[in-house]
Amino acid sequence: MSQITRYGIIGCGMMGQEHLQNIALLDRAEVAAIFEPDAGMAAKSLALAPKATLYDSLEALVAHPDLDCYLIASPNFRHVEQLTYLAKHRPLPVLVEKPLFTDPAQQDSLREIRDSYPAPIWVAMEYRYMPPITAFLEAAEGATGGIKMLSLREHRFPFLEKVGDWNRFNRYTGGTFVEKCCHFFDLMRLALKSEPVRVLASGGMDVNHRDEAYDGETPDILDNGFVIVDFANGARALLELCMFAEGSRYQEEVCATGPKGKIEAYVPGPGRFWPDHLGEAPIPQLIESPRDPKGPIARDIPVDPTLLAAGDHNGSTFYQHQKFLDLVRGKSQAPEVSLNDGYMAVIMGMAAQISMKEHRAVKISELTRAMNG
């Protein structure tokens, strides 16, 4: 491998361009090739990565002679088919955006990829790498004495507009609790160090997108809900999502409790959405509240302003790429976010959406048989 690690980027819409901005900040890394079929997005991407060659197909990008790794940041429903193509034609290390897949029927293809892909596959669960969330995860076990209850709240803005409006429909996104919430289900498994057993959820489409139509079709994505997850170790977790609460001071709030006390992380949303008349955007916070001696201990977890300016995820995209590059360069041996991690996060989201639709608790085993078969 050369001294410069060269990426091939598959899909350069809004999230892909955040990746481009963060790759530009990395040491000895550059974007060599881009496949982005939308002309407007392609032009913006080349402005961010002027040395890259723009290709008009995945096949042409894969044939680029000088690549070390891939990034897949295409629309959700393309991820499995593109991984399958890479596996057959030129399997290099790949960072694939969440959600890993969108349809239960894709599990057979995922199993084949898992069993045959000879290079590492890292699923892009950026939220793990937000500095306040990283601090939370590092301190949670000690602060709580072992987490018994975990709650995650996201109060945020509605889905943004995407090319072709693909993110307005479940068949393309996998559904809101797959598309948006797989991050939180991943954090549940990571924090609790256990596997989910059953999911009970309630949600709906109550405010957003109800008056929209695309080619005569009304969007069907949900905009709010509650999800309770029981875990094998006896712990339980709660997710609360509201996508019409962009007036909130913090976008994400994570809380863990146990026999020794409580720990909370507070994460603001993208700084570009913070109103100027309110002054400086909030700084992330970590608060520990022991039971004895009582009294909360709060500390700020500031994020490098350069990283804040390079995306909407509190610097996490940069830190994720640093670790991914260590893997590509042989400094680490396995992805920190494995294909199984990405798979389980989607399965939990699918279980939540089934629970909402069918008004029942859903066992995780109902959905995982195909992958384990």
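Remember, predicted model here, so these are calculated numbers, not experimental data.
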How far apart are the closest heavy atoms of [X] and [Y], and which atoms are they?
X: Ala232; Y: Ser194; answer: N-OG, 3.4 Å
X: Pro132; Y: Tyr266; answer: CB-O, 4.5 Å
X: Trp274; Y: Ser248; answer: CZ3-O, 4.1 Å
X: Val199; Y: Ser355; answer: O-OG, 3.9 Å
X: Ser289; Y: Ile287; answer: OG-CG2, 4.0 Å
X: Ile221; Y: Asn167; answer: CD1-O, 3.3 Å

Parallel, tilted or perpendicular: which one describes the rings of [X] and [Y], with boundaries at 30° and 60°?
X: Tyr172; Y: Phe77; result: tilted
X: Tyr7; Y: Phe324; result: tilted
X: Tyr127; Y: His183; result: parallel

Does the side chain of [X] reach to within under 4.5 Å of the side chain of [Y], using non-hydrogen atoms?
X: Pro131; Y: Pro284; value: no
X: Tyr129; Y: Phe318; value: no
X: Arg329; Y: Asp68; value: no
X: Val346; Y: Phe185; value: no
X: Asn340; Y: Met344; value: yes
X: Leu26; Y: Gln322; value: yes
X: Met350; Y: Pro104; value: yes
X: Cys182; Y: Glu179; value: no

What is the distance from atom [atom1] of [X] to atom [atom2] of [Y], rounded to the nearest 0.5 Å?
X: Met14; Y: Met41; atom1: CE; atom2: CE; value: 6.0 Å
X: Leu222; Y: Lys357; atom1: CG; atom2: NZ; value: 11.0 Å
X: Arg236; Y: Ile147; atom1: CZ; atom2: CD1; value: 13.5 Å
X: Leu327; Y: Ile121; atom1: CG; atom2: CD1; value: 11.0 Å
X: Arg90; Y: Leu86; atom1: CZ; atom2: CG; value: 10.0 Å
X: Arg272; Y: Asp312; atom1: CZ; atom2: CG; value: 4.0 Å

Side chains of [X] and [Y] only: does a donor on one sit below 3.5 Å from an acceptor on the other?
X: His313; Y: Gln320; value: no
X: Glu18; Y: Thr317; value: yes
X: Arg28; Y: Thr5; value: no

If you measure from the Lys or Arg side-chain nitrogens to the Asp or Glu carboxylate oxygens, is any gap between [X] and [Y] under 4.0 Å?
X: Asp108; Y: Arg111; result: yes
X: Lys44; Y: Glu36; result: no
X: Glu366; Y: Arg360; result: yes
X: Arg198; Y: Asp230; result: yes
X: Arg171; Y: Glu217; result: yes
X: Arg128; Y: Glu336; result: no

Begin from the C-alpha positions of Lys51 and Val31 and carry the test side chain to side chain contact (heavy atoms under 4.5 Å, CB included) through to its verdict.
CA-CA 7 Å; Lys51 294 182 180 180; Val31 177; over 6 Å; no
Show the numbers, then the answer: is there a side chain to side chain contact (heavy atoms under 4.5 Å, CB included) between Leu239 and Phe226?
CA-CA 6 Å; Leu239 169 65; Phe226 295 97; over 6 Å; no
Can you check salt bridge (Lys or Arg N to Asp or Glu O under 4.0 Å) on Lys262 and Glu288, steps first, answer last?
CA-CA 6 Å; Lys262 178 172 74 171; Glu288 295 187 39; over 6 Å; no
Is the gap between the ring centers of Tyr55 and His64 under 6.0 Å?
yes
What do you reckon, are the aromatic ring centroids of Phe101 and Tyr343 less than 6.0 Å apart?
yes
Paired with Tyr70, the side chain to side chain contact (heavy atoms under 4.5 Å, CB included) test is passed by just one of Leu58, Leu61, Ile9, namely Leu61
Is there a path of hydrophobic side-chain contacts, each under 4.5 Å between heavy atoms of I, L, V, M, F, W or Y residues, that connects [X] with [Y]?
X: Leu241; Y: Leu238; result: no
X: Leu190; Y: Leu286; result: yes
X: Leu152; Y: Ile228; result: no
X: Leu367; Y: Phe231; result: yes
X: Tyr250; Y: Ile133; result: no

Backbone N/O of [Y] and side chain of [X]: donor-acceptor pair under 3.5 Å:
X: Asn233; Y: Ala235; result: yes
X: Gln17; Y: Cys12; result: yes
X: His321; Y: Asn22; result: no
X: Asn76; Y: Thr173; result: yes
X: Ser338; Y: Pro335; result: no
X: Asp223; Y: Met243; result: no
X: Asn170; Y: Asp220; result: yes

Under the side chain to side chain contact (heavy atoms under 4.5 Å, CB included) criterion, do Leu48 and Gln21 qualify, and how do the steps go?
CA-CA 7 Å; Leu48 294 169; Gln21 292 181 76; 3.9 Å; yes
Worked verdict on Lys180 versus Glu154 for salt bridge (Lys or Arg N to Asp or Glu O under 4.0 Å):
CA-CA 10 Å; Lys180 184 69 208 72; Glu154 181 166 66; 3.2 Å; yes
Could you go through Ser151 and Glu240, starting from their C-alpha distance and side-chain angles, then the distance that decides it, and tell me whether this counts as side-chain hydrogen bond (donor to acceptor under 3.5 Å, both in side chains)?
CA-CA 8 Å; Ser151 65; Glu240 174 188 340; over 6 Å; no
Tell me, with the steps shown, if Arg189 and Glu195 meet salt bridge (Lys or Arg N to Asp or Glu O under 4.0 Å).
CA-CA 6 Å; Arg189 292 180 62 248; Glu195 293 298 337; 2.8 Å; yes
Determine, stepwise, if the pair Phe273 / Glu246 fulfils side chain to side chain contact (heavy atoms under 4.5 Å, CB included).
CA-CA 9 Å; Phe273 295 149; Glu246 60 267 42; over 6 Å; no
